[in-house]
Amino acid sequence: MEVPENIITCIMCIYSKHPYVHRGAFSSYFIVLDQEGARTMKGKLLVIGFGPGYEKHITERAKEAIQESDIIIGYKTYIELIKGLITGKQIISTGMTEEVSRAQEAVKQAELGKKVAVISSGDAGVYGMAGLVYEVLIEKGWKRDTGVEVEVIPGISAINSCAALLGAPIMHDACTISLSDHLTPWTLIEKRIEAAAQADFVIALYNPKSGRRTKQIMEAQRILLKYRSPETPVGLVKSAFRDSQHIVLTSLRDMLEHEIGMLTTVIIGNSSTFLHDGLMITPRGYQRKYTLTEKVQPLKPHQRLQREAEPWALDQTEELEFSMNIDVVVGKDSSRELAEEALNIVLREKAAAPQVMKQKFQSIFEIAVSPGVTNKKFTAKQMMILSEIAGEECVLEYTPDHYIKLQIVTSDPHEIVKKLTQSNFVLSPVGDVLTVKACDFCDGEKRDAIPYAEKLYEKLGGMKLPKELKLGVNGCGMACYGAVKEDIGIVYRKGAFDLFLGAKTAGRNAHPGQIVAEGIPPEEIIEVIEKIVQEYKEKAHPNERFYKFFKRVKKIQGFEYQDITPKIKMEVPICGE
Ligand code: SF4
């Protein structure tokens with residue numbers, strides 16, 4: 001059948017039984033009429049989020065969608081923001097509170113076969129027009145298969161654009177809450193702020209304040225201060241990426257002293273968010289397993305996902321009890337019921353044990369303790385303190401180095417260090433650090449070298465190194481505590497120290513350290529050892545043991561390596577050297 005030209009809408013066809021296809025001469029839309037005479041329109045609704053308003057942050061698809069549309073419908077201010085992209089288009093713009101009429105008009109035009117762009121700033125699906133467009137369509141009996149096509153084109157929402165300007169504040173669980181109570185009862189908004197504050201979400205407050213709504217932001221602050229420190233970092237971003245952009249970093253306590261308006265997004269940090277050099281940063285949690293200053297991590301790749309490395313995981317913590325309560329809410333029918341029940345559980349938990357509500361950042365804290373550098377005797381009281389600190393879940397391990405190593409799941413390692421120090425324990429970090437292994441100097445009878453052992457512990461104990469390093473200090477030529485079998489060993493003899501370097505303590509080719517000097521005067525020994533350790537720290541490869549380093553560099557602080565490779569070639573066992 002021949003298609004008539006220049007026909008936009010043919011009333012005859014709509015009410016007749018003829019399957020015409022009409023093509024508009026000055027646009028590219030189609031109207032298709034089926035055999036029954038009912039219309040199946042091929043217009044399209046393009047619901048577009050164009051981001052913060054800066055052209056470079058508008059997605060390629062959003063630009064394309066604007067270009068392929070016949071009509072652009074939007075709030076006047078938004079139309080103004082993208083005016084460079086809509087030249088020559090038919091524009092329908094209305095003011096604030098006219099969202100419904102814009103959505104209705106868009107649907108109407110799409111049903112007439114036009115491609116209609118409905119624009120929102122930010123993301124159309126985040127407090128934008130996407131939901132409303134669908135609601136208007138659904139009210140009219142729209143179905144996806146038979147109704148006009150709808151495409152929602154995502155954009156950068158304010159939570160993302162403002163976060164980028166502030167640093168990285170939403171690196172962890174975050175939520176958005178609009179403080180506008182024009183369409184939402186304040187009591188519900190209040191509940192949401194309360195729940196988000198309790199659950200330690202980073203919170204982005206949209207629509208925080210307007211000319212008439214001035215109290216909401218004050219109420220929000222009041223609720224948040226019930227659960228968060230007044231020092232909690234807060235970022236205020238006005239008109240992100242627009243000419244009038246303004247950024248303020250402040251705190252929960254002081255935020256109201258700054259300008260907050262319709263165009264401001266308020267980002268409240270969680271309990272671990274911090275400020276650094278004008279940036280607001282929320283840690284993702286890597287510090288629980290990784291040491292960010294080290295190339296070699298305490299947990300090897302194969303250990304990082306093991307259960308022992310994640311004592312905070314669902315099935316491994318005391319919080320299991322709390323999480324089990326989640327079962328109570330399973331079975332609720334709607335998400336609202338689920339949320340309300342979850343909130344009730346939180347409130348009950350809080351009433352029963354307020355301390356449970358404090359955000360816990362638990363991690364495994366490892367530390368080695370001993371009664372003293374030279375003292376090998378734990379007192380009964382010290383054992384009781386250890387037992388008290390350890391509780392039922394801590395691991396206590398007695399090591400060949402005369403330390404007790406504690407592995408404690410805690411959110412407050414400083415408190416544990418304080419208790420141990422008050423109980424006169426000598427503390428050493430665990431891992432790739434220097435450990436001083438002194439003998440007991442015949443229970444203190446041979447005291448001459450004790451001050452040097454203590455001084456070495458004081459100066460070098462716990463120093464981070466490319467690999468763990470043990471420094472043995474023995475009080476006489478008997479060397480019964482095996483100083484010569486340590487990475488570095490010093491043996492006090494005839495009023496001076498003998499120095500041994502590069503022992504290999506394990507394996508079939510284990511060997512003592514090489515004696516590199518005899519009779520080092522006591523007043524020099526501390527400096528000699530310090531320099532050796534410093535050279536190893538600076539020049540060793542990551543993970544390179546001291547004996548390998550000595551073998552490689554051949555000379556440390558003038559002390560020469562002697563080749564002591566066995567004459568026979570030793571077979572390397574399957575399980576390693
Ligand atoms: S190395 Fe000497 S001083 Fe030290 S405990 Fe043994 S015998 Fe006593």
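Whatever order the structure lists ligands and atoms in, that order sets their numbers, starting from 1. Worth saying up front: this structure is predicted, and the values here are computed from it rather than measured.
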request  = Tell me the protein N, O or S atoms under 2.8 Å from atom 2 (Fe) of ligand 1, in chain and number order.
outcome  = C476 SG

query = With atoms numbered from 1 as shown, which atoms in ligand 1 lie under 4.0 angstrom from a non-hydrogen atom of D440?
reply = 5 (S)

query = Could you walk me through whether V126 and Y206 pass the side-chain contact (heavy atoms from CB on, under 4.5 Å) check?
reply = CA-CA 10 Å; V126 180; Y206 283 49; 4.2 Å; yes

request  = Step by step, work out the ring pair (Phe, Tyr, Trp, His ring centres under 6.0 Å) result for Y481 and H402.
outcome  = CA-CA 11 Å; Y481 272 71; H402 311 288; 5.4 Å; yes

request  = Check whether the side chains of T273 and N270 place a donor and an acceptor atom closer than 3.5 Å, and report yes or no.
outcome  = yes

ask   = With a 6.0 Å cut-off on ring centres, are Y452 and F497 close enough?
value = yes

message = Tell me every residue that passes ring pair (Phe, Tyr, Trp, His ring centres under 6.0 Å) with Y561, counting only those two or more places apart in sequence or in another chain.
response = F550

ask   = For the side chain of N474 and the backbone of G482, is there at least one donor-acceptor N/O pair under 3.5 Å apart?
value = yes

